Amino acid sequence: MEAVEVEPADAEPAGRGLPVPLDAFVGRERELTRLRSLLRSARLLTLTGPGGTGKTRLAVELAGGVRGGRTGRAQLVELDGLAEGAQLPQHVAAALGVRERGGRVGVEALVHALTARSTLLVLDSCEHLAAAARLAADLLARCPRLRILATSREPLRVPGEVVFRVGELSLPPVTDDHDPAALLRSEAVRLFLERARSCDAGFDPAPGDLRTVAEICRRLDGLPLAVELAAGRAGSLPPAGLLRGLDDQLSLLTGGSRTGPGRHRELAATIDWSHRLLDASERAVFRRLSVLGGGFDAAGATAVCVDGPGEHEGGGPAGVRREQVLPVVCALEAKSLVVRVRGGRAGRGAVPAARCRPVLRVGPARRGRGAGGYLGPGAGLAGPAGGGRARRPGVPGHRGAAARR
């Protein structure tokens with residue numbers, strides 16, 4: 001594996017460095033090859049994607065490939081536990097082992113320490129802190145030997161930023177279900193097997209079970225967190241039982257690592273974290289779009305989203321005007337909650353055919369009015385929950401009143 005060149009440092013950097021992974025890194029070979037190339041020229045590289053896509057793990061793997069990355073030149077700073085942007089410089093300084101002295105505090109202390117070092121700074125989970133963009137821009141402007149690798153659910157929108165969208169793991173085509181070798185080429189299937197064997201060293205699926213594992217991965221859209229949570233049940237449920245359990249996935253997909261972020265211990269927490277970062281209009285539009293399991297175009301999105309009141313965090317009305325729909329859909333796409341369908345036909349507006357990410361559709365589609373909790377589990381990824389649907393002409397999958405929640 002070719003390492004990314006970083007200039008030698010004048011002094012050995014202090015700080016926590018990079019965590020040592022305790023489990024195997026699976027797949028992403030093409031992404032890593034492309035990212036290594038980008039990191040050679042970009043001083044700010046941001047990995048974006050929805051929660052649970054594996055942005056942090058991919059960033060750590062990439063940073064570890066930097067020459068000297070495992071011996072201190074690459075530094076990880078986790079931001080998910082930081083609520084106030086005003087404390088960001090001090091938080092980063094503490095993670096890097098930078099002391100405030102000589103009258104230098106905050107950003108000035110960081111600039112003084114990083115000017116003399118060739119450092120790759122990994123800023124993890126930037127999406128909830130607007131101050132992260134300002135700090136990144138300030139440090140890059142004043143520290144010529146600094147590079148920043150950020151993870152966020154949306155771009156930082158800093159000049160010179162290169163954005164790389166992290167997608168789901170590769171899935172096996174249905175036509176390959178009777179070819180075990182083809183199934184094992186799927187990154188999602190390989191990840192499931194790797195994590196399942198960590199929970200049950202004797203896990204050795206027969207060909208029929210391997211086909212079931214492939215279907216589990218398809219139902220989970222190849223989302224790494226969801227695949228890992230499902231695999232964690234392999235010690236107590238056979239693959240067929242796991243597949244049936246996905247009809248109640250918010251209850252099934254729990255029990256993640258006790259040492260990771262709380263939002264990664266269950267799928268519902270990941271969905272809720274994404275939902276809380278939206279404003280009232282974005283929440284309303286995302287909930288209404290979430291019932292369109294087959295995707296939508298601009299006309300379909302408008303037809304669903306402007307009809308009836310929505311809701312916001314306080315439970316009151318949050319009506320969405322027709323002219324708001326396309327900008328909000330674009331905002332949701334930037335925040336990795338809506339994905340454009342490659343080759344999809346364009347509607348009458350400016351947005352090509354798109355869909356809500358299937359795993360993330362479950363939460364909004366099952367929420368009650370206001371900021372209350374989920375109506376309850378039971379929504380499968382492949383179809384809507386509940387009974388019959390009142391279809392609206394020209395809007396596939398529209399579900400009457402449920403779309404206006």
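As the structure is a computational prediction, the values presented were derived from the model and not from experiment.
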Has the side chain of [X] got a donor or acceptor atom that lies under 3.5 Å from a matching backbone atom of [Y]?
X      : Y      : answer
Asp221 : Leu223 : no
Glu187 : Leu169 : no
Glu161 : Leu156 : yes
Arg211 : Asp179 : no
Ser186 : Val189 : yes
Thr115 : Val111 : yes
Lys55  : Thr46  : no
Arg73  : Leu120 : no
Thr212 : Gly208 : yes
Arg43  : Leu140 : yes

Testing [options] one by one against [X] for a side chain to side chain contact (heavy atoms under 4.5 Å, CB included), which residue passes?
X      : options                : value
Leu58  : Leu35, Thr53, Leu149   : Leu35
Arg36  : Leu32, Leu38, Leu39    : Leu32
Leu193 : Arg195, Arg197, Arg190 : Arg197

Q.
Between Glu154 and Thr48, is the side-chain contact (heavy atoms from CB on, under 4.5 Å) condition met? List the steps.
A. CA-CA 6 Å; Glu154 59 181 309; Thr48 66; 5.7 Å; no

(Q) Could you walk me through whether Leu45 and Leu62 satisfy the side-chain contact (heavy atoms from CB on, under 4.5 Å) test, starting with their C-alpha distance in whole Å, then the side-chain angles of each, then the deciding distance to 0.1 Å, before giving a yes or no? (A) CA-CA 11 Å; Leu45 177 59; Leu62 175 63; 4.3 Å; yes

Minimum heavy-atom distance [X]-[Y], with the two atoms named:
X      : Y      : answer
Ala214 : Pro172 : CB-CG, 3.7 Å
Gly106 : Gln90  : CA-NE2, 3.9 Å
His91  : Glu78  : NE2-O, 2.8 Å
Ala137 : Val158 : CB-CG1, 3.8 Å
Val98  : Ala113 : CG2-CB, 3.6 Å
Glu168 : Gly222 : CB-O, 3.5 Å

Do [X] and [Y] have side chains that get closer than 4.5 Å, going by heavy atoms?
X      : Y      : value
Leu191 : Glu228 : yes
Ser281 : Gln324 : yes
Glu194 : Asp23  : no
Val92  : Leu110 : yes
Leu96  : Leu114 : yes
Leu79  : Glu127 : no
Thr302 : Val304 : no
Arg28  : Pro224 : yes

Q.
Set out, in order, the CA-CA distance, both residues' side-chain angles and the distance that settles side-chain contact (heavy atoms from CB on, under 4.5 Å) for Cys305 and Leu289, then state yes or no.
A. CA-CA 7 Å; Cys305 295; Leu289 291 176; 3.7 Å; yes

Inter-residue atom distance [X].[atom1] - [Y].[atom2], 0.5 Å rounding:
X      : Y      : atom1 : atom2 : answer
Cys199 : Arg233 : SG    : CZ    : 10.0 Å
Thr151 : Leu47  : OG1   : CG    : 7.0 Å
Leu229 : Leu242 : CG    : CG    : 11.5 Å
Ser118 : Arg147 : OG    : CZ    : 7.0 Å
Leu18  : Leu76  : CG    : CG    : 6.5 Å
Leu121 : Ile148 : CG    : CD1   : 5.5 Å

Q. Between Arg142 and Glu108, is there a side-chain N and carboxylate O pair less than 4.0 Å apart?
A. yes

Q | side-chain contact (heavy atoms from CB on, under 4.5 Å) between Val60 and Val122, intermediate numbers included | A | CA-CA 8 Å; Val60 170; Val122 183; 5.6 Å; no

Q.
Working note: Glu215 + Arg218, criterion salt bridge (charged side-chain N to carboxylate O under 4.0 Å, His left out); need CA distance, chi angles, decisive distance, verdict.
A. CA-CA 5 Å; Glu215 183 57 26; Arg218 293 188 196 104; 3.0 Å; yes

Q | Derivation and outcome, salt bridge (charged side-chain N to carboxylate O under 4.0 Å, His left out), residues Arg165 and Glu333 | A | CA-CA 11 Å; Arg165 299 198 177 194; Glu333 195 261 346; 2.5 Å; yes

